[in-house]
Amino acid sequence: MELLLFDGFNGLIQGAFYALMALGLSLIISLNSVINFAHGGFMVVGAYLAFTLAPYIGFWPALFAGPILAGILGILVERTLVRSMYGRSDPIYSLLLTFGFALIIEDVVRTIWGAQGVPFEIPAALGSPVSTTYFFLTGYRLFVIAAIGLATIALFAFLRLSRFGIRIRAGILDLETVSALGVNVYLLRSVNFAIGTLLAGFAGVLAAGVLQLAPTMGDDVIMATFVAVVVGGIGSLFGSVLGGLLIGLAAGITTAYYPAASDVVIYVIMAVVLIVRPRGLLGQEGLFE
Amino acid sequence: MSRRVYVNGAVWLLLLTAAWWLPLIGGYMALASRVLVYALAAMGLNLLLGFTGCMSFGEAAYFGLGGYGTGLFLTHLTHSTVLAVVAGTIVGGIAAFIFGPLVMRRRGIYFAMITVAIGQIFYFIAERWNSFTGGEDGLSGFSRQPLHFGFATVPLNAVAFYYFVLFFFAIGAGVIALLLHSPLGHTFVAIRENRRRAQFLGIHVERYVWASFAIAGLIAGLAGALNALQNNFISPINLYWVESGNLVIMAVLGGMRSFWGPLVGAIIFVGIQDYVSSYFPNNWETFIGGLFIIAVMFFPNGILGIIRQRAKAA
C-alpha cells in the first residue's frame, strides 16, 4: 500500500509535467495548426538556461527567467521558420520542419553544456523531506505540483478573462473571422507560440529539479506529451490536462505492480484510445485528419 | 520513357561498380553498405509516405524487428546467413501485417501517432526483455557466416558483404518498382491523390492501406535484417522513434514523389553523418537538421523533385 501511494504520487507528478507540456503543445496545435516536434527541445532549452542562470541570479529568478527565454526563442523560431508553414494545407510539413529543428536544438545543447547529465541545485528549504509517515516526500515535489497547478489556473484565467486570451480562443474556433474583425492574427499566433514554448520551458525547469538535466531528456518527454494530447483529444486544452494526468498516473500505478511495463503502458493507452475513440477523450471529431 | 531507362541504367551501373570507384573518392565499402541498408528501408517507407500518402512515423519498429529476427535466428537456430535474412524479413512483414488493421483506418496526424505508439511499444519490449533481447545493451554474439555455394565458400568481408546487400537491395527495389507499375501501385497513388474519390469508386481504401503498410514493413524488415548483419549487433535504439524520424528525413530529403528519392536521401544522410562527424564529432545532427529544414521550407518534393522540375521546364 505504501509502495502504491509512493508510486502513485510520483505518477501524479509525472502526469502534471505531461499535462503542462501538453497544454503548450495543444495551444500551438489549435491556433497555429503546427505540430511542434521541437516542444521537447524548448523544454530542454528552458531548463538549461535556468541551470546556467541560477548561480548568478538565484533559484527563484531563474525559475522565471529560463521559461521566459524559452518563450523568446519560441517567438524567433515562429517568425523565421514556422510562419512559412501556415500556408501549407497539410500539417505534416510543420511536423517535419520542427523535427529538423529539434535535432538542431539537441545538438546545440549537447555542444554547449555537454552530453553528460548535470544535477540542478534546488533550495535546501525545498529539498528536505516533508513527511515520511506514509511515504517519502520532499517539499520540492509538493512545490512542483502546486507550481504546475498555479500555472494551469493562470493560463485558463488568461484565456477566459483577458482580451488577448479571448482572441486566442476565438482564433482557435475561426481564425479567418477573427482576422476579418481586424485582429492582427500574425501577432496572435506569434504570442500564442511563445506562450506554448514558455510553458514547455517552465516544465523543463521544474523537471530539472527532480531529474538530471541531459540533452536527450526532451526525446522521451515529447513522445509522452503527444500521447497526452492524443489521449485527451486534439483541440481540447482541458483534454490535454486530463490526458497528461491520466497517463502519468497510469505509469505510476504500473510501476508499483509491474515496473518493467511502466514505460510501455502510456503507448498502450494511446493505441487503445486511437482504436476505440480516435478523437480522444474530449477532442472534436475530424480535426487534423 | 527513354529517360527513365537511362536513369535506371546509370543508377544500377554506379551501384554495381561501387567497389571500384568509391575508394577513389575517399569512401569505403561499409559506408556503401550502410547507405544501401537505409535506402532500402526508406524506399519501403516511401511506399507508404510518398505513394500512398500515409505519414508513418514508426517504420523503425519493423526495421528493428527484422534485425532482432535475424540476430535471434542466427544465435539460436541456424548458421545460414541467407536463411537468417529471410527470417528477419518475415518477422518485420508479419508484424506489420498484424498491426495493419489498427492503423489502416487512421489518417494524417492520427496515422503518424498510432504508428509511433506501436513502434514505441516494440522499443520498450526490446529494451526491457533482457533474457531474450539482451535489453538495453542490445543483442550481440551473432555474426554473419560465410556463404556456401556448393563449389565455393565466400567469407563476407566488406566488399563481399556490399554485394550481398546489393543483391537484396535489388530484390527489394525490384519488388517496389513492379508494384508501382501494377494496378495495386496505381491504386496506392489514387488513394494518395484523393482518398474520398477512391472510396466513391468502390476501392476498399483501408485494405489497400493495409497492403501498403504490410509491404513497407516487409521491406523495412529486410533492411533491418541486413543492418543487423552489417554491424553483427542490434540495439533497441534501432526501434526508437528517432530512427523512424531518420528514415522519414531520408525519404523527404531525397524526394518522396520519386522512386530513387530515398536512395539519394540515404546517400546524403549517411554521407553527412560520416563526413561531418569526422570533423565535428558531435554536430552532424545540426547539419542534417538544417538541411532538412531548408528542404521542407523550399523544396518539399526533395532534391529529385527539383531536378525533375528543371528537366520538365527545359
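Just so it is clear: chains get the letters A, B, ... in the order the sequence lines come, proteins before strands, and each one is counted from 1. None of the values given here were measured: they were computed from a predicted structure.
- R106(B) places a side-chain N or O within donor-acceptor distance of the main-chain N or O of L274(A), the cut-off being under 3.5 Å.
- Residue N283(B) comes nearest to D107(A) through the heavy atom pair CA-OD2, 2.9 Å, listed as atom of the first residue, atom of the second, then distance.
- Considering only heavy-atom pairs separated by less than 4.5 Å from chain B, the leading option among R110(A), M85(A), R88(A) is R88(A).
- Here the shortest heavy-atom pairing between T80(A) and M297(B) reads O-CE, 3.8 Å.
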Report task. Step by step, work out the side chain to side chain contact (heavy atoms under 4.5 Å, CB included) result for F57(B) and F99(A). Result -> CA-CA 11 Å; F57(B) 228 81; F99(A) 181 67; 4.3 Å; yes
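- W241(B) places no side-chain N or O within 3.5 Å of a backbone atom of D220(A) that could act as its donor or acceptor partner.
- Environment of CD in Q199(B): crowded, with over 12 heavy atoms of neighbouring residues, nucleotides or ligands closer than 6.0 Å.
- Ranking D263(A), L103(A), V264(A) against chain B, the residue ahead of the rest is D263(A), based on heavy-atom pairs under 4.5 Å.
- Between I109(B) and L95(A) the shortest heavy-atom distance is CD1-CD1, 3.7 Å.
- In terms of heavy-atom pairs under 4.5 Å with chain A, the best-connected choice from W129(B), F111(B), F287(B), Y240(B) is Y240(B).
- For F299(B), the CZ atom sits in a packed shell: over 12 heavy atoms of surrounding residues, nucleotides or ligands are nearer than 6.0 Å.
- For F238(A), the CZ atom counts as loosely surrounded, since its 6.0 Å shell holds 12 or fewer non-hydrogen atoms of other residues, nucleotides or ligands.
- Here the OH-CE distance, from Y267(A) to M113(B), works out to 10.0 Å after rounding to the nearest 0.5 Å.
- Atom-to-atom distance recorded for F292(B):CZ and F101(A):CZ is 14.5 Å, nearest 0.5 angstrom.
- No side-chain heavy atom of E285(B) sits less than 4.5 Å from a side-chain heavy atom of I104(A).
- Proximity to chain B is limited to the backbone of P259(A), based on heavy atoms less than 4.5 angstrom apart.
- You'll find the side chain of L96(A) reaches within 4.5 Å of the side chain of M55(B), heavy atoms only.
- Among S94(A), A102(A), A260(A), the residue making the largest number of heavy-atom pairs under 4.5 Å with chain B is A260(A).
- Considering every non-hydrogen atom in both Y110(B) and R279(A), the closest pair reads OH-CA, 4.3 Å.
- Contact of the V227(A) side chain with the V116(B) side chain is not registered, since no non-hydrogen atoms from C-beta on lie closer than 4.5 Å.
- Heavy-atom distances place the side chain of I249(B), and not its backbone, under 4.5 Å from chain A.
- For chain B, the nearby part of V230(A) is the side chain; its heavy atoms alone come within less than 4.5 Å.
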